[in-house]
Peer 1: 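One structure, pasted below without further comment.
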Amino acid sequence: ASTSYFHKSIGGYHGAKLRAYQDLIDIQLMPEIQTIGAVFQHAKTLTDVQAPLAKLGVLNMLNMKYLIYNPEAMPITNPYANGTQWFVRKVVPVANSSEALHKVGQIDTKHEFIVENSAVASLPASFGKDTTATISLKKYEPNHLVYTYKSASDQVAVFSEIYYDKGWNAYVNGAKVPYFKADYLLRGIALKPGQYDIEFKFEPTSYSTGN
């Protein structure tokens, strides 16, 4: 797809994909895409199109910033996309990945996040108290992402990047730190107060060992 040459495309740029992502497409994305299709059948103004996008929590957590509905027209901007990263305030624990898959479409992904019970213990007792905290994408490469962060209290951040622990590692000030699977498919990380950079590096041992 030509869009994938210039942009990150939710549909992807290759027929092969992670099974977990295909499951998300089947269970959550297709119903939300059908909702968009129904909106276009009756919408008369840009507001008529944009307003329903606020309820598409899964597409928004995948940072659907633009929507191409007609190749001959300008893309529609989605003002409700979660962004490349964001802070969350409330944890929604689930028993397993299957429950996470079916529940992620029922939460407010901008402020809530789903995590399996096995990872709940790694979260701070309280977080999100500093409403002036900031986190932003500083550098992007396919195998190396850098975020700058500042907060006076504990925070939990969710990143609109696929969770894949067979190669992706997280670092704070050069030290490797744990991260967890959030919202069934994405990356989440618990952050201490301070001002520092957070890095994600793709470092699969299979590649280095093979070389």
Peer 1: Between Ala20 and Leu185, which heavy-atom pair has the shortest distance, and what is it?
Peer 2: CB-CD1, 3.8 Å
Peer 1: Same cluster or not: Leu18 versus Leu145, using hydrophobic residues (I, L, V, M, F, W, Y) connected whenever any side-chain heavy atoms lie under 4.5 Å apart?
Peer 2: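 Leu18 clusters together with Leu145.
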Peer 1: If two hydrophobic side chains count as joined below 4.5 Å and joins carry through other members, does Tyr140 share a cluster with Ile162?
Peer 2: yes
Peer 1: Answer yes or no: is there a donor N or O on one side and an acceptor on the other, between the side chain of Gln155 and the main chain of Ser151, under 3.5 Å?
Peer 2: no
Peer 1: What verdict does the side chain to side chain contact (heavy atoms under 4.5 Å, CB included) test give for Ile135 and Phe87, after you've listed the backbone C-alpha separation in whole Å, the side-chain angles of each residue and the deciding distance to 0.1 Å?
Peer 2: CA-CA 8 Å; Ile135 185 169; Phe87 294 124; 3.6 Å; yes
Peer 1: Scan Val158, Val104, Leu56 and name whichever one has a side chain to side chain contact (heavy atoms under 4.5 Å, CB included) with Met61.
Peer 2: Val104
Peer 1: Would the distance check show the side chain of Thr209 and the main-chain N or O of Ser206 forming a donor-acceptor pair, the cut-off being under 3.5 Å?
Peer 2: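 No: the side chain of Thr209 does not pair with the backbone of Ser206.
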Peer 1: Determine, step by step, whether Lys8 and Glu161 satisfy the salt bridge (charged side-chain N to carboxylate O under 4.0 Å, His left out) criterion, reporting the C-alpha distance in whole Å, the side-chain angles of both residues, the deciding distance to 0.1 Å, and the verdict.
Peer 2: CA-CA 11 Å; Lys8 300 175 186 175; Glu161 297 287 341; 3.6 Å; yes
Peer 1: Apply side chain to side chain contact (heavy atoms under 4.5 Å, CB included) to residues Phe113 and Val91 and explain how you reach the verdict.
Peer 2: CA-CA 5 Å; Phe113 70 108; Val91 58; 3.6 Å; yes
Peer 1: Establish whether Tyr149 and Tyr171 are linked, either directly or via other cluster members, by ILVMFWY side-chain heavy-atom contacts under 4.5 Å.
Peer 2: no
Peer 1: What are the two closest non-hydrogen atoms of Asp165 and Tyr179, and how far apart are they?
Peer 2: CA-OH, 3.6 Å
Peer 1: Return the OG1 to CG distance between Thr77 and Leu67, rounded to the nearest 0.5 Å.
Peer 2: 9.5 Å
Peer 1: First locate atom CE of Met64, then atom CG of Asn82, and finally report the distance between them rounded to the nearest 0.5 Å.
Peer 2: 10.5 Å
Peer 1: Same cluster for Leu46 and Leu53 if Ile/Leu/Val/Met/Phe/Trp/Tyr side chains link at under 4.5 Å?
Peer 2: yes
Peer 1: Enumerate the residue pairs fulfilling side-chain hydrogen bond (donor to acceptor under 3.5 Å, both in side chains) with a member in residues 39-51, sequence neighbours excluded, ordered by first and then second residue.
Peer 2: Thr45-Asp48
Peer 1: More than 12 heavy atoms of other residues, nucleotides or ligands under 6.0 Å from NZ of Lys176: is that the case?
Peer 2: no
Peer 1: If we ignore hydrogens and angles and just use 3.5 Å, is the side chain of Asn63 paired with the main-chain N or O of Ala81 as donor and acceptor?
Peer 2: no
Peer 1: Between Lys201 (side chain only) and Asn169 (backbone N and O only), is there a donor and an acceptor less than 3.5 Å apart?
Peer 2: no
Peer 1: Answer yes or no for Arg89 and Phe127: cation-pi contact, defined as NZ/CZ to six-membered ring centre under 6.0 Å and angle to ring axis within 45°.
Peer 2: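 No.
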Peer 1: Do the rings of Tyr164 and Phe202 sit parallel, tilted or perpendicular, given the 30° and 60° boundaries?
Peer 2: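 Because their plane-to-plane angle lies in the 30° to 60° range, the rings of Tyr164 and Phe202 count as tilted.
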Peer 1: Whether the Asn96 and Ser98 side chains hold a donor-acceptor pair (N or O, under 3.5 Å, no angle test) is what I'd like checked.
Peer 2: no
Peer 1: Quick one: closest heavy-atom pair of Leu186 and Phe159, and the distance?
Peer 2: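 Minimum heavy-atom contact is CB-O, 3.4 Å.
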Peer 1: Counting distance only, does the side-chain N/O of Thr84 pair as donor-acceptor with the main-chain N or O of Leu137 below 3.5 Å?
Peer 2: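 No; zero donor-acceptor contacts below 3.5 Å.
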Peer 1: Can you name the nearest heavy-atom pair linking Asn60 to Ala54, along with the distance?
Peer 2: ND2-O, 3.8 Å
Peer 1: Counting only heavy atoms not in Lys150, do more than 12 fall under 6.0 Å of its NZ?
Peer 2: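 Counting neighbours around NZ of Lys150, 12 or fewer heavy atoms of other residues, nucleotides or ligands fall under 6.0 Å, so no.
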Peer 1: Taking the side chain from Trp86 and the backbone from Thr109, do they hold a donor-acceptor pair closer than 3.5 Å?
Peer 2: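 Yes; judged by distance alone, with no hydrogens or angles, the pair exists.
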Peer 1: Thinking salt bridges, do Lys181 and Glu116 make one under a 4.0 Å N-O criterion?
Peer 2: yes
Peer 1: Only one of Asp183, Ile27, Val94 forms a side chain to side chain contact (heavy atoms under 4.5 Å, CB included) with Leu101, so which one is it?
Peer 2: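 Exactly one pass, corresponding to Ile27.
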Peer 1: To the nearest 0.5 Å, what is the distance between CD1 (Ile10) and OG (Ser160)?
Peer 2: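 Nearest 0.5 Å value for the CD1-OG distance: 7.5 Å.
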Peer 1: Can you give me the closest heavy-atom contact between Ala182 and Arg187, atom names plus distance?
Peer 2: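 Distance-wise, the nearest heavy atoms are CB-C, 4.3 Å.
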Peer 1: How many angstroms lie between atom CD1 of Ile189 and atom CG of Leu123, to the nearest 0.5 angstrom?
Peer 2: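 It comes to 11.5 Å.
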Peer 1: Please identify each residue that fulfils ring-ring contact (aromatic ring centres under 6.0 Å, His included) with Tyr69, with sequence neighbours left out.
Peer 2: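 In terms of ring-ring contact (aromatic ring centres under 6.0 Å, His included), with neighbours along the sequence ignored, Tyr69 is linked to Phe40.
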Peer 1: Specify the closest pair of heavy atoms between Gln28 and His102, including all atoms of both residues, with the distance to one decimal.
Peer 2: NE2-O, 3.5 Å
Peer 1: Please report the interatomic distance OG1(Thr148) to CD(Gln85), rounded to the nearest 0.5 Å.
Peer 2: 10.0 Å
